[in-house]
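Computed from a predicted structure; not experimentally measured. Note that ligands are numbered from 1 as they come in the structure, with each ligand's atoms numbered from 1 the same way.
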Amino acid sequence: MSICYCVFADKCLVRMRIIQAINYDDLSKKAANIMAAQVLLNPCGVLGLATGSSPIGLYKELINWCKRGELDFSGVKTINLDEYVGLAPQNDQSYRYFMKTNLFDHININQKNCYVPDGLATDGVAEGKRYDAIISDMGGVDMQLLGIGLNGHIAFNEPCEWFEKGTYRVALTQSTINANARFFATIDDVPKEAYTMGAKSIMQAKKILMIISGESKAQILYDAFFGKVTPMVPASILQFHSDVTVVADEAALSIVKAKGLC
Ligand code: GLP
């Protein structure tokens with residue numbers, strides 16, 4: 001039986017909710033429950049969506065509910081965090097393609113209402129402004145789903161000396177290129193740049209839902225939520241958000257638990 005409880009991280013500047021899952025499947029179900037509740041409560045709302053391996057199980061759960069007729073996405077709008085520079089939507093490594101194949105094509109959503117940065121945009125400043133205007137025209141994001149990179153990145157906000165604000169074009173770090181090489185034929189195929197929502201855009205979401213799975217993420221989970229708030233650990237800025245829910249499995253929580261913080 002799964003155990004689910006909340007911990008308020010009293011060492012953080014703002015309280016957050018940590019929901020403990022047994023493993024990845026359990027995490028996916030718990031996080032999907034939260035996102036499904038959001039859709040039920042606000043069927044015409046805006047979901048901020050993420051890519052990577054972490055959300056795949058959650059998306060499968062949402063697809064199952066939708067296929068059973070228990071969840072209706074017809075009024076939902078979505079905005080994705082990021083996209084690789086240089087990849088067309090049809091490229092099977094693009095984040096637009098990921099979203100189509102892992103979620104959009106399987107639910108009753110109007111894909112005209114699903115936004116991903118344009119990987120083929122050549123003017124980084126113009127693309128950033130265009131994307132920020134979309135977010136603002138939608139009235140902001142109601143619930144933003146996030147994963148976390150091994151180096152603490154959220155979306156593609158890489159460790160840096162400052163927090164970027166709106167959507168911008170970023171050079172990926174070698175750590176991210178290495179981590180994401182598993183999705184490409186060779187490491188040389190991994191794009192070196194991306195468009196990403198900035199920290200301010202992410203922080204403006206009304207609610208944040210972060211999912212963290214696996215032992216490899218245990219140290220960064222600890223650093224992000226129990227360490228200093230610093231742009232060198234981009235996810236740490238979430239300590240300043242007033243409505244953060246982290247769903248993490250036991251492996252990801254191993255360091256936090258060993259330190260008696262959870
Ligand atoms: C990519 C994405 C992030 C994601 C991260 C972690 O770099 N841009 O949004 O959180 O990968 O991915 P994974 O869930 O595969 O560990």
**Student:** Of all the non-hydrogen atoms in the protein, which one sits nearest to atom 3 (C) of ligand 1, and at what distance?
**Tutor:**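 Residue, atom and distance for the closest contact: A155 O, 3.6 Å.
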**Student:** Side chains of W65 and L40: does their closest heavy-atom pair fall under 4.5 Å?
**Tutor:**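 No, their side chains stay 4.5 Å or more apart.
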**Student:** Among all protein non-hydrogen atoms, which one is nearest to atom 14 (O) of ligand 1, and what is the separation to 0.1 Å?
**Tutor:**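 In this structure, atom 14 (O) of ligand 1 has S54 OG, 2.5 Å as its nearest protein heavy atom.
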**Student:** Should R182 be listed as contacting ligand 1, given a heavy-atom distance under 4.0 Å as the test?
**Tutor:**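 Right, R182 reaches ligand 1.
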**Student:** Tell me the closest heavy-atom pair linking L47 and V141, and the distance in Å.
**Tutor:**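 Heavy-atom minimum between the residues: C-CG1, 4.2 Å.
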**Student:** Are Y168 and N157 close enough that a side-chain donor and a side-chain acceptor fall under 3.5 Å?
**Tutor:**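 Their side chains do contain a donor-acceptor pair, which is all the 3.5 Å distance test asks for.
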**Student:** Consider only side-chain N and O atoms of D72 and S74, and report whether a donor and an acceptor are under 3.5 Å apart.
**Tutor:**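 Distance-only check passes for D72 and S74.
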**Student:** Where the closest heavy atom to atom 8 (N) of ligand 1 is concerned, which of T176, I177, D82 has it?
**Tutor:**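 Heavy atom nearest to atom 8 (N) of ligand 1 belongs to D82.
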**Student:** Short list, please: which atoms of ligand 1 are under 4.0 Å from a heavy atom of F156?
**Tutor:**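 The atoms of ligand 1 under 4.0 Å from a heavy atom of F156 are 7 (O), 8 (N).
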**Student:** Before accepting this row, confirm whether a basic side-chain N of the pair K100/D105 lies closer than 4.0 Å to the acidic partner's carboxylate O.
**Tutor:**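 Counted as a salt bridge, because a side-chain N and a carboxylate O are separated by less than 4.0 Å.
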**Student:** Under a 4.0 Å heavy-atom limit, does A50 contact ligand 1 with its side chain, its backbone, both, or neither?
**Tutor:**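 The answer is neither.
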**Student:** So which protein heavy atom does atom 11 (O) of ligand 1 come closest to, and at what separation?
**Tutor:**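 Minimum-distance protein heavy atom for atom 11 (O) of ligand 1 reads H153 NE2, 3.9 Å.
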**Student:** With a 4.0 Å heavy-atom cut-off (strictly under), which part of I148 contacts ligand 1: side chain, backbone, both or neither?
**Tutor:**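 The part of I148 near ligand 1 is the backbone, not the side chain.
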**Student:** Using a 4.0 Å cutoff against the non-hydrogen atoms of N180, which atoms of ligand 1 qualify?
**Tutor:**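 Taking each heavy atom of N180 in turn, ligand 1 has 1 (C), 7 (O) under 4.0 Å.
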**Student:** In the protein, which heavy atom is nearest to atom 4 (C) of ligand 1, and how far is it?
**Tutor:**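 Residue, atom and distance for the closest contact: T51 O, 3.9 Å.
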**Student:** Hey, does T78 have a side-chain heavy atom less than 4.5 Å from the side chain of F73?
**Tutor:**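 When only atoms from C-beta onward are counted, T78 and F73 do not touch, as no gap falls below 4.5 Å.
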**Student:** For this output row, return yes or no: ring centroids of Y84 and F183 closer than 6.0 angstrom.
**Tutor:**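 No.
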**Student:** Give the numbers and elements of all ligand 1 atoms closer than 4.0 Å to a heavy atom of S53.
**Tutor:**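 Within the 4.0 Å cut-off of S53, ligand 1 contributes 13 (P), 14 (O), 15 (O).
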**Student:** Considering only heavy atoms from C-beta outward, does the side chain of I177 approach that of I187 to under 4.5 Å?
**Tutor:**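 Side chain of I177 against side chain of I187, heavy atoms only: contact under 4.5 Å found.
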**Student:** Which part of Y95 is near ligand 1, with near meaning a heavy atom under 4.0 Å away: side chain, backbone, both or neither?
**Tutor:**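 It is the side chain that touches ligand 1; the backbone stays farther off.
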**Student:** Of all the atoms in ligand 1, which lie at a distance below 4.0 Å from a heavy atom belonging to G147?
**Tutor:**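 That gives atoms 10 (O) of ligand 1.
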**Student:** Relative to the ring of Y95, is the ring of F156 parallel (under 30°), tilted (30 to 60°) or perpendicular (over 60°)?
**Tutor:**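 Judged by the thresholds at 30° and 60°, the geometry between F156 and Y95 is parallel.
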**Student:** Under a 4.0 Å threshold between the charged nitrogen and the carboxylate oxygen, would D25 count as salt-bridged to K29?
**Tutor:**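 No.
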**Student:** Under 4.0 Å from any heavy atom of K217, which atoms of ligand 1 are there?
**Tutor:**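 Listed by number with element: 13 (P), 16 (O).
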**Student:** If you have a sec, work out which protein heavy atom is nearest atom 12 (O) of ligand 1 and how many Å separate them, to one decimal?
**Tutor:**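 Checked against all protein heavy atoms, atom 12 (O) of ligand 1 sits closest to G52 CA, 3.9 Å.
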